[in-house]
Structure formats: structure tokens, C-alpha cells
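For reference, the structure discussed in these notes is given below.
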Amino acid sequence: MRSRFSPALDRRRMLQGAGMVGGVGLLGLEGCASLAQSSAWPPSRRTFAPVRASEDRLFDVTVCLRPFRAAGPRLDTEQVGDTLVVHNYGHGGSGWSLSWGSSTLAVQKAMASSPAEVAVLGCGALGLTSAILAQKAGAQVTIYARDWLPETRSSRATGSWTPDSRIALTDKAAPGFPALWEQMARISFKTYRSYLGLPGSPVEWNDRYILSDAPRPAPSPLAPGELDFAEYGDRIRDITPASTPAPIGSTPFPTPFVRHFSGMMFNIADYGHTLLTDFRLAGGKIVRAEFHTPSELTALKQKVVINCPGYGARALWKDESIVPVRGQIAWLIPQPEVDYGVIYQGVNMLPRRDGIVMQMVDGGDMRGYGDDNETPTHAEAMTAIKRIADLYARMREA
């Protein structure tokens, strides 16, 4: 999965570099003393607890299908019988990141006629944020969903701030979409500030490190068959920390090329619980239900429906513009002492509170494109674990 981890870091070059042989000096390994970094990068003392990467610490492997649309998410309205449907789906790998902004736009449309009651279809990232915002707008809200949050594809996401990850194709998005994307991103970013510092750390920042033994490759033309995924990060450069290179020899890492950035992370288990609690405390209801055709929505007593089914829209709305993009995570037992992320040899390691995320990212944005297989692949999980284990073995040998 090629994800934009920083607006100043070109996604294609980042993942090309991440696939090179690289390592990270993990000071804090058993028997290793803590060393001070260069005053230029970073400006403070830093230790790195080792990730215990081994198969016996693997407790789950999950697969998520991201709902990608070449034109970007569907945000229009349509009338189904006597019911107004406001669409809010198709955000690719940016669902959590753009959820508050996209749902703000959806709720504005839904509340235009000041309905007393609103239905929300779906209990994932977009469904929950739409429901909470509709409550704040004064409506009584009921969520209808086959799957509750822990069962949704949203719950199997990586959990990083990646607002333009597979959000659209450059040449397929409407001319006004980049500005609309910026509006959604800025609203979401500002809203997430209110979840920082809460008990359980539903949202937090951490350090990330991109490591290689060779410099980042220069921008190159798209390969045959490779799609030109839109990248809009430069539009929010003022609110997103940039990546910074570490001067060669200025860090304790054995690789000569290291880039550092700060990334926002969603601890989805706790963050999702927080959203569900807020929704219910405000009087919200959740009804387990499954719909097979849009016409079934007219049987609901609510005559305004915010439609947030994610990838499920492909079947329910016969929306074949949705392309599945498969992503898999290998979950290792949590290690609270690990407070940094690493991109190394095509693996993204992220230390969430509910587990250590190991995710293959080599292949870039095309990885998993068009693949709707939701069966976990043990071999892929073991490849990710082995590469991170090799990283720590390399440090011990050094």
C-alpha cells in the first residue's frame, strides 16, 4: 500500500526506497546502550525498544478491502421513492482520515430540510462520524448495519493519517475535487485534535523512520499498467509535519539514509469504542439490519438516509466503479514500550495500542488493486515478520 506519510515525502519514491535493503539502529536493544542523536536530528535523546518479531507473537491476521473510486468518493444525493439518500462512500485508503470532513458535507446535505430523524447506513468510520455529526445538528439518529464496528472492514484498517491514500486518479477526478479534498482534510485534521490526550489514547502522534542503504530514487514515469493515483498532500503542507533527512553519520542507525517524520495514528479499538460511546450517550440507536436493494430503504421510518456502506456499496448500489484494494495486517502482541514506527524493506511497522501492525507495502499503490480476496495469507504475514526480525538481527550483529 502506497500511503502518503508526509506531504513533503513523495509516495512513489518513499516506497521505492523502503524496498531497498535497509536497517534501523534500535538503541534500547538488550545489551545496547542509549546514545544521543545529533543535535540537528532529532534534537533530543531517543531510545528505541526492539520489536519482538516472531511467529509465536502473531495473534491475528486481518484483511481489509478499501473501496476505491477513480473519480473519488461518491458524495451526491439521490431520491429513492420518498426517501432522500445522501451518499458518503468510496474513500479508498482515506476513510478514517477524511471521515469527519466528508461526513460534515454529507450531514449538511441531509439536514437541509431539517428532518427530526435521520438514518445512517453503515457502522464504520464514515457511518459513525456521520451519525455523531447528525446528532450534533439536532436529529435523532439510528444506525442500520449488518456489521457493528468491530466486525466492519473499517476496524481492519492500518490506522494512520493518510488523507490522500488512493483517494482518486489524477485524470479522473473532477476539476473541483482537489479543493473539496482539501476542505475535507482540514475539517478532519482539526476535529482529530479533540481526541488527542484522552484516556486510552484513541488518537496520538508518534515518530516514524524510513530507512535505506541508498538515496531515494528520483521521480520516474509510471510503469506500464501503473495507475496515476492523485496526491494532494501539498495542499495541506501547513498543517502536516514534513519529513526530514538525517545527515549521513549523524544518527546511530547503521543505514546512511534515514528520514524521520511525525505521523498521526488512530488506535481504532479504543477510538471506535469512544465514538460508539459518544453516539449512544447522545441517544443514538443501532439496529442490526441488512439491505439488498436500495428500494428497501423506503420501508424505514426515517426519510433521510446517509449512505455509508463502504465497499458494500458495490453490491447494494450495483456501483461497479468501486474497485477493491486488498490490504493485509499481521498483528503481533502489543508492546507498550515500542513508541515509533519503521518502514523497512517494504514493510510498514506501526505500534498501535491494540497490537504491533506488520503490513507489506512493497508494490506501492498498485499492491492489492482489484483483489477482492479477504482470506488472510499466512505466507505474506510471515514475510513481513521475517523482514522485521532480520532488521533486529542485523542490529545485534552490528
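Remark: the His91 side chain and the Ser102 side chain contain an N/O donor-acceptor pair separated by less than 3.5 Å. For the residue pair Trp331 and Thr62, a side-chain donor N or O sits within less than 3.5 Å of a side-chain acceptor on the partner. There is a side-chain donor-acceptor pair under 3.5 Å between His87 and Asn307. Side-chain atoms of Gln359 and Thr158 include a donor-acceptor pair closer than 3.5 Å. Counting only N and O atoms by type, the side chains of Ser103 and Asn88 include a donor and acceptor under 3.5 Å apart.
Residue Ile343 holds its CD1 atom at 10.0 Å from CE of Met349, rounded to the nearest 0.5 Å. The distance from atom NZ of Lys190 to atom OG1 of Thr104, rounded to the nearest 0.5 Å, is 11.5 Å. The distance from the CD1 atom of Ile306 to the OG atom of Ser130 is 5.0 Å, given to the nearest 0.5 Å. A distance of 11.0 Å separates CG in Leu128 from OG1 in Thr274, rounded to the nearest 0.5 Å. With rounding to the nearest 0.5 angstrom, the CE atom of Met382 is 7.0 Å from the CG atom of Leu58. Separation of atoms CG (Leu180) and OH (Tyr232) is listed at 10.0 Å; rounding is to 0.5 Å.
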For Phe229 and Phe68: C-alpha separation, side-chain torsions, deciding distance, then whether ring pair (Phe, Tyr, Trp, His ring centres under 6.0 Å) applies. CA-CA 10 Å; Phe229 290 91; Phe68 171 75; 5.2 Å; yes
Decide side chain to side chain contact (heavy atoms under 4.5 Å, CB included) for Thr142 and Ile286; before the verdict, give the C-alpha distance in whole Å, the side-chain angles of both, and the deciding distance to 0.1 Å. CA-CA 6 Å; Thr142 301; Ile286 303 178; over 6 Å; no
Take Lys303 and Glu117 through the salt bridge (charged side-chain N to carboxylate O under 4.0 Å, His left out) test and state the conclusion after the steps. CA-CA 8 Å; Lys303 295 306 170 185; Glu117 296 186 77; over 6 Å; no
Evaluate the side chain to side chain contact (heavy atoms under 4.5 Å, CB included) criterion for residues Val361 and Val347: first the C-alpha distance (whole Å), next the side-chain angles of each, then the deciding distance (0.1 Å), finally the verdict. CA-CA 6 Å; Val361 296; Val347 179; 6.0 Å; no
Take Asp213 and Arg394 through the test salt bridge (charged side-chain N to carboxylate O under 4.0 Å, His left out) and record every step on the way to the result. CA-CA 13 Å; Asp213 286 315; Arg394 179 178 177 181; 3.4 Å; yes
Yes or no on side chain to side chain contact (heavy atoms under 4.5 Å, CB included) for Leu126 and Val120, after CA distance, side-chain angles and deciding distance? CA-CA 9 Å; Leu126 280 302; Val120 172; over 6 Å; no
Let me see the working for Arg353 and Ser201 under side chain to side chain contact (heavy atoms under 4.5 Å, CB included), right down to the final yes or no. CA-CA 8 Å; Arg353 301 291 174 125; Ser201 300; 3.4 Å; yes
Audit row: Phe189, Trp100, ring pair (Phe, Tyr, Trp, His ring centres under 6.0 Å) steps and yes/no: CA-CA 8 Å; Phe189 190 85; Trp100 290 108; over 10 Å; no
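By the side chain to side chain contact (heavy atoms under 4.5 Å, CB included) test, Pro150 is found to be paired with Trp148, residues two or more places apart in sequence or in another chain being considered. Residues satisfying the salt bridge (charged side-chain N to carboxylate O under 4.0 Å, His left out) test with Lys318, not counting sequence neighbours, are none.
Note: the hydrophobic cluster containing Leu350 also contains Phe59 (ILVMFWY, side chain heavy atoms under 4.5 Å, direct or indirect links). Under a hydrophobic clustering in which Ile, Leu, Val, Met, Phe, Trp and Tyr are joined whenever their side-chain heavy atoms come within less than 4.5 Å, directly or via other members, Leu98 and Ile132 fall into the same cluster. Under the 4.5 Å side-chain heavy-atom criterion for ILVMFWY residues, no single connected hydrophobic cluster contains both Trp96 and Val63. Cluster membership for Phe48 and Met358, using ILVMFWY side-chain heavy atoms within less than 4.5 angstrom, is shared.
Relative orientation of the Tyr192 and Tyr271 rings is tilted, given thresholds of 30° and 60° on the angle between their planes. Using cut-offs of 30° and 60° on the angle between ring planes, the pair Tyr209 and His260 is tilted.
Between Glu374 and Arg156, at least one side-chain N (NZ, or NE/NH1/NH2) sits under 4.0 Å from a carboxylate O, which counts as a salt bridge. Salt-bridge check for Glu204 with Arg352: failed, with every basic side-chain N at 4.0 Å or more from each acidic carboxylate O. Under the 4.0 Å criterion applied to side-chain N and carboxylate O atoms, Arg235 and Glu231 are not assigned as salt-bridge partners. Salt bridge annotation for Arg387-Asp362: present, with a cationic side-chain nitrogen under 4.0 angstrom from a carboxylate oxygen. Between Arg74 and Asp76, at least one side-chain nitrogen of the basic residue sits less than 4.0 Å from a carboxylate oxygen of the acidic one, meeting the salt-bridge criterion. Salt bridge status for Arg326 with Asp372: absent, with no side-chain N to carboxylate O gap under 4.0 Å. With salt bridges taken as basic N to acidic carboxylate O contacts below 4.0 Å, none links Arg314 and Asp319. Using a 4.0 Å cut-off between charged nitrogen and carboxylate oxygen, Lys386 and Asp390 count as a salt-bridge pair.
No side-chain heavy atom of Glu290 sits less than 4.5 Å from a side-chain heavy atom of Glu296. Between Leu75 and Lys109 the shortest side-chain heavy-atom distance falls below 4.5 Å. Counting only heavy atoms from C-beta outward, the side chains of Cys123 and Leu276 approach each other to under 4.5 Å.
Between the side chain of Thr152 and the backbone N or O of Leu149, at least one donor-acceptor pair lies under 3.5 Å. Here the side chain of Ser262 pairs no donor or acceptor atom with the backbone of Pro241 at under 3.5 angstrom.
Minimum heavy-atom separation, Ile143 to Gly122: CG2-O, 3.5 Å.
The local environment of CD in Gln140 is sparse, with at most 12 non-hydrogen atoms from other residues, nucleotides or ligands closer than 6.0 Å.
With side-chain heavy atoms closer than 4.5 Å counting as contact, directly or through intermediates, the hydrophobic cluster containing Val85 also holds Leu65, Val80, Tyr89, Leu121, Tyr144, Val287, Phe291, Leu297, Leu300, Val305, Tyr311, Leu316, Trp317, Ile322.
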